[in-house]
> 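If you scroll down you'll find the structure; I have some questions about it.
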Amino acid sequence: MREEEQPSKKEQRRQQIIAGALKLFARKGFYTTTIPDIARSLGMSAGNLYNYFRSKELLAQEILRSVSSYLGRRIRYVNESDLPTREKIRSIVGLYFETALREPEMIDFFLRIYLSNREVFREGCEGMVCVNEFVTEIMIFFDEGVARGDLRNQEFFSAFGLFMGYLGGMVFLGGEQMLPKPLPEYVDEVSENIYRALKTPEAS
Amino acid sequence: MNSPVRLLWLSALTCNGNAHALLNYPDLEHWQHRFEWLYHPLLPSRFSLGELLAQQPECDILILEGTLDSNFSKAGKDLTEWIEIFAPAARAVVTVGSCATFGGIFLEGGEGRSGLHFRRGERRDAYDALWEKSISLPGCPVQPEILASTLEMLAQETPLDLDVYRRPLLFYGTTVHNGCTRNEYFEYKIDEHRFGEMEGCMFYEHGCQGTYTHGSCNRILWNNVNSKTRIGQPCMGCTEPDFPTTGLWETRKHMGIPARLPAGIPKRAYLSLAGVAKAFHIERFRRPILDPVERYDPMKEQE
Amino acid sequence: MRKRVELIEKIEGEAEVSYTYEGDRTVDAQIRFLSGRGIESILTGRPPLDALAITPRVCGICGHAHLIATVRALEACYPELRISPKAEAVRELTLTLELLQNHFKWLYLTIWPLLFPRESVTMKAVEPSRIAAEAIALLAGQYPHNSYAIPGGIVGEITPLERLGVADRLERLWEIFRREIADVQMQAFLRCDRIEELQRKEGDFPRILREILDRGWERLGCSHDRFIAFGSNGLFVSGKSLATRITHSLDLRHLREEPVEGSLALHVLYRGKVYETGPLARAMLRKTPLIREAHRRWGDSLPTRIMARVCEIPHLLQYAMQLTRDLDMDAPAWIDPGPLPAQAQGTGIVEAARGSLIHTVEVREGKIAEYRIVTPTQWNLGSGPADRPGVAQKALIGLHRDDQAELIFKSFDVCSVCTTH
């Protein structure tokens, strides 16, 4: 029995470290946050934390995987629904903004740490390896949209950039308190804009 | 000695490609000893078409080549009648090539055309009575080894496991991708491919259908020496019901994602694996295999 | 007047000949092909490159010639296009190998059984044609039915491994020729103009010749004595001739197809006249000494026609051996020609086993708007009214025996499937 409990306890502790580090990284940035800072916020020793993650880079990479996995799972839920393409876009935009509000550090991590400190992720997160789950679901969404004749066929990245750049920009403006209205009130218009930008001329 | 198995080869709308391909079977001479051709469009045969109609001899295996056409007659008799005369007594009916099986290339050339049991992938019921004894050997043409061994197995009464299109699993149970010498470029998602080279995989840009086409082209080599994909021609999917698809030299993609994926692989699984494989820069695959200037040094890579 | 309809079998399908007799002498022979597949309409509306996969399927014995005609027609759609000497030579090689395969099959599967029905020689056709097919497959992936020639060159790289495989197989084909067909020395044979010398050699061809002469059939099967060949390469020259009077300039605008009553094959004319195409035409135009000599003695008759085809084999082999030897291994196999123009027209000409093959493609809005194929059998087997007979039709007039008719008909080497594309 003990042997089975121990890894699960260890795993719980790992998850706590990821959650705690995520908050600190998102708030203070990657370089100004130190391993002792993270350990202290969790009431553990830096030495003990190193038992879980050998370096700050590896910890950041693990966080990225877990954020990607979280968003990927939620988008997969949308992909597996019977919603029309237009509604799917609305759901994805909705869940993204909702995550930005409820778990702001997740989106912040994506935008401020991952995209701004590429060198941290160069070894270990080559290409899309650490964001695979998230990107795969976006690919599946696009693929089905095109297959149904709703979305205009194009290069993946031209569509991906439009979709994710737009959402990232809105969350950034929200985070900087520059939006006159709360983020969720933009879901309809943002979704409609994305749909119109990506749809085929024939789709309504 | 057992009496030879009597074969009757009937051609409908055809290019004769399957009949010619059989002539390339490496051991045709010895293989033929166990059979007797009541009729073959090229090889010496016991009867002429006129004699066949006049004498109506029984055949053990009826072989059909070419697209069936309701307007097609042979030696003054509709093809339907030929089938009605010779099929009932036959032990098996073998459709050779994609035309006789699914309709093939000539399907679109006129009204009333189809394969024996299928029109593309759609089942027809005109010859339902023959369904149980029919074997489909699609391909454009069928590989002679497949035809020779299928006929041999039928002669020996060896049971054949078949798929939904009645293709023997022994030959159509795997994909054309299996055994392709360009496999590594597919596995590691090297999507650049240029014609005229030994390197690269035609799946990503140039329409290769090998990963979802059922056949043995890279397991049983063509003419004993080669295959289309090995030389660098994309597989055109000639053993499948929808052959020929349109746009044969270009991979159809949805936002950069191949619209058709390897047989049986879920999209999510494929994309996840592809995402991982693509992330890594593998030097060996970026270089020409024959590079006199910067020769690849296997020892160096192991360090 | 008596009439007789005969179904000619094993000519890559069938054809029907209806003879009209006066007494026991044929005065007309109408040739009918009874099915059509509609390849030209199947191509319409498709992306132009699809033709590379579709047209080889016109024919199981000469599909490669269709591929090369298609690729040439597509390449002619580009205002400018360059292919490397290597790609050009490899295409010539596979095409030449296909001609060889045809000639062996025709000799032993078509002609031999009519002259010596009791002797089974199937393997004499099968062995060399299989070897030729292997050599094609080494370069082109498979045979029959590949699409390895594409605008700009060929799909894959050719290495010394493939070249060696081809060279060795060409040697084997030459050995088979000497062992079975005629035991001659290549260089001496290519220059030879003495029929008696060939007749004295060991082999099946001298035997065929002796048999035809013994039967007194050497003047049978004469036709219009007008020859045409549109294709030219390192071996063949293009032009037309009336007997031995040669004109080298040809203009495709003078080519016209016309329907034949009751047949699904179109008759084809140049400046309103029928012409014979194929090995005899090619030999007349390139003045092959032995064939010129046969023509001088017997005219454009049965033995001349058979000899022209059989004697093309050493010429083809020598050409293929030279191509293989001279192959520039350092040249690129493919030079990217860029996208095919969305509006264009192009014609591709090939000397196929049975003669000139012409493909014309018209591309509009990036799709095939029209595709036209003129096959050798349309030239040779086209049927006209009795006072304006086609080539084979004329050769079949004036005969007294039915067994002569089938041999003469098949001496043209008919390809029913090509004709009924």
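Below, chain A is the first sequence line, B the second, and so on; all start at residue 1. The structure displayed is predicted, hence computed values, not measured ones.
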> Hey, does the side chain of B/R113 reach the backbone of C/R37 with a donor-acceptor pair shorter than 3.5 angstrom?
yes

> Identify which part of C/K86 has an atom lying under 4.5 Å from any heavy atom of chain B, answering side chain, backbone, both or neither.
neither

> Could you tell me whether a side-chain N or O of B/R230 sits under 3.5 Å from a main-chain N or O of C/G141, the two making a donor and an acceptor?
no

> What part of C/E12 gets within 4.5 angstrom of chain B, counting heavy atoms only: side chain, backbone, both, or neither?
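Backbone plus side chain of C/E12, per the 4.5 Å heavy-atom cut-off to chain B.
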
> At a heavy-atom distance under 4.5 Å, which candidate from B/C140, B/S227, B/A19 has the highest pair count against chain C?
B/C140

> Does B/E29 form a side chain to side chain contact (heavy atoms under 4.5 Å, CB included) with C/V126? I'd like the steps, not just the answer.
CA-CA 9 Å; B/E29 191 173 7; C/V126 166; over 6 Å; no

> Is B/W249 close to C/L52 at the side-chain level, that is, under 4.5 Å between some pair of heavy atoms?
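In short, these two side chains touch, coming nearer than 4.5 Å.
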
> Would you mind checking which part of B/E108 comes under 4.5 Å of any heavy atom in chain C, side chain (CB onward), backbone (N, CA, C, O), both or neither?
both

> Does C/H145 form a side chain to side chain contact (heavy atoms under 4.5 Å, CB included) with B/C15? I'd like the steps, not just the answer.
CA-CA 10 Å; C/H145 294 348; B/C15 70; 3.2 Å; yes

> Does any backbone or side-chain atom of C/I11 lie under 4.5 Å from a heavy atom of chain B? Answer side chain, backbone, both or neither.
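The answer is neither part of C/I11.
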
> Side chain, backbone, both or neither: which part of C/S84 has a heavy atom under 4.5 Å from chain B?
neither

> Select, from B/Y25, B/Y39, B/F72, the one with the greatest count of heavy-atom pairs under 4.5 Å involving chain C.
B/Y39

> State, to 0.1 Å, how close B/G17 and C/P144 come at their nearest heavy-atom pair, and which atoms those are.
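Looking at all heavy atoms of both residues, the closest pair is O-CG, 3.8 Å.
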
> Heavy-atom cut-off 4.5 Å, strictly under: side chain, backbone, both or neither for C/P332 against chain B?
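Neither; nothing under 4.5 Å.
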
> Looking just at side-chain N and O atoms, do B/S48 and C/K10 make a donor-acceptor pair shorter than 3.5 Å?
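No, because no side-chain N or O of B/S48 sits under 3.5 Å from a partner of the opposite role on C/K10.
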
> Report which part of C/I39 has an atom under 4.5 Å of a heavy atom belonging to chain B: side chain, backbone, both, or neither.
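Contact with chain B: side chain only.
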
> Decide yes or no on side chain to side chain contact (heavy atoms under 4.5 Å, CB included) for B/F195 and C/I154, but give the supporting numbers first.
CA-CA 7 Å; B/F195 287 114; C/I154 55 177; over 6 Å; no

> Counting only heavy atoms closer than 4.5 Å, note whether B/E199 contacts chain C via side chain, backbone, both or neither.
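Neither part; nothing is under 4.5 Å.
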
> Where does C/A140 contact chain B at under 4.5 Å (heavy atoms): side chain, backbone, both or neither?
backbone

> Could you have a look at B/V225, B/L49, B/N224, B/T245 and say which one has the most heavy-atom pairs with chain C under 4.5 angstrom?
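If we count pairs closer than 4.5 Å to chain C, B/L49 comes out on top.
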
> Is B/H206 close to chain C through its backbone or its side chain, or both, or neither, when contacts mean heavy atoms under 4.5 Å?
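Contact with chain C: none, neither part.
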
> Evaluate B/N16 against C/I61 for side chain to side chain contact (heavy atoms under 4.5 Å, CB included), listing each step before the verdict.
CA-CA 7 Å; B/N16 256 6; C/I61 193 170; over 6 Å; no

> Would you check if the side chain of C/D50 reaches a backbone N or O of B/G247 as a donor-acceptor pair within less than 3.5 Å?
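Indeed, once roles are kept as given, a pair shorter than 3.5 Å links the two residues.
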
> Is B/M198 close to chain C through its backbone or its side chain, or both, or neither, when contacts mean heavy atoms under 4.5 Å?
both

> Given that the side chain runs from C-beta out, which part of B/P41 has a heavy atom under 4.5 Å from chain C: side chain, backbone, both or neither?
backbone

> Going from NE2 on B/H20 to SG on C/C59, what distance comes out if it is rounded to the nearest 0.5 angstrom?
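Output value for this atom pair is 6.5 Å.
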
> Counting N and O atoms only, with roles assigned by atom type, does the side chain of C/Q142 sit under 3.5 Å from a partner on the main chain of B/K228, one being a donor and the other an acceptor?
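No, because the side chain of C/Q142 does not come within donor-acceptor range (under 3.5 Å) of the backbone of B/K228.
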
> Does a side-chain heavy-atom distance below 4.5 Å link C/L109 with B/L23?
yes

> Within the side chain of B/N223, is there an N or O that forms a donor-acceptor pair under 3.5 Å with the backbone of C/A137?
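Pair absent, no side-chain N/O of B/N223 close to backbone of C/A137.
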
> Among B/S73, B/P26, B/G76, which has the most heavy-atom pairs under 4.5 Å with chain C?
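Ranked by contacts with chain C, first place is B/P26.
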
> Let me know if C/T122 has heavy atoms under 4.5 Å from chain B in its side chain, its backbone, both or neither.
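Side chain only.
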
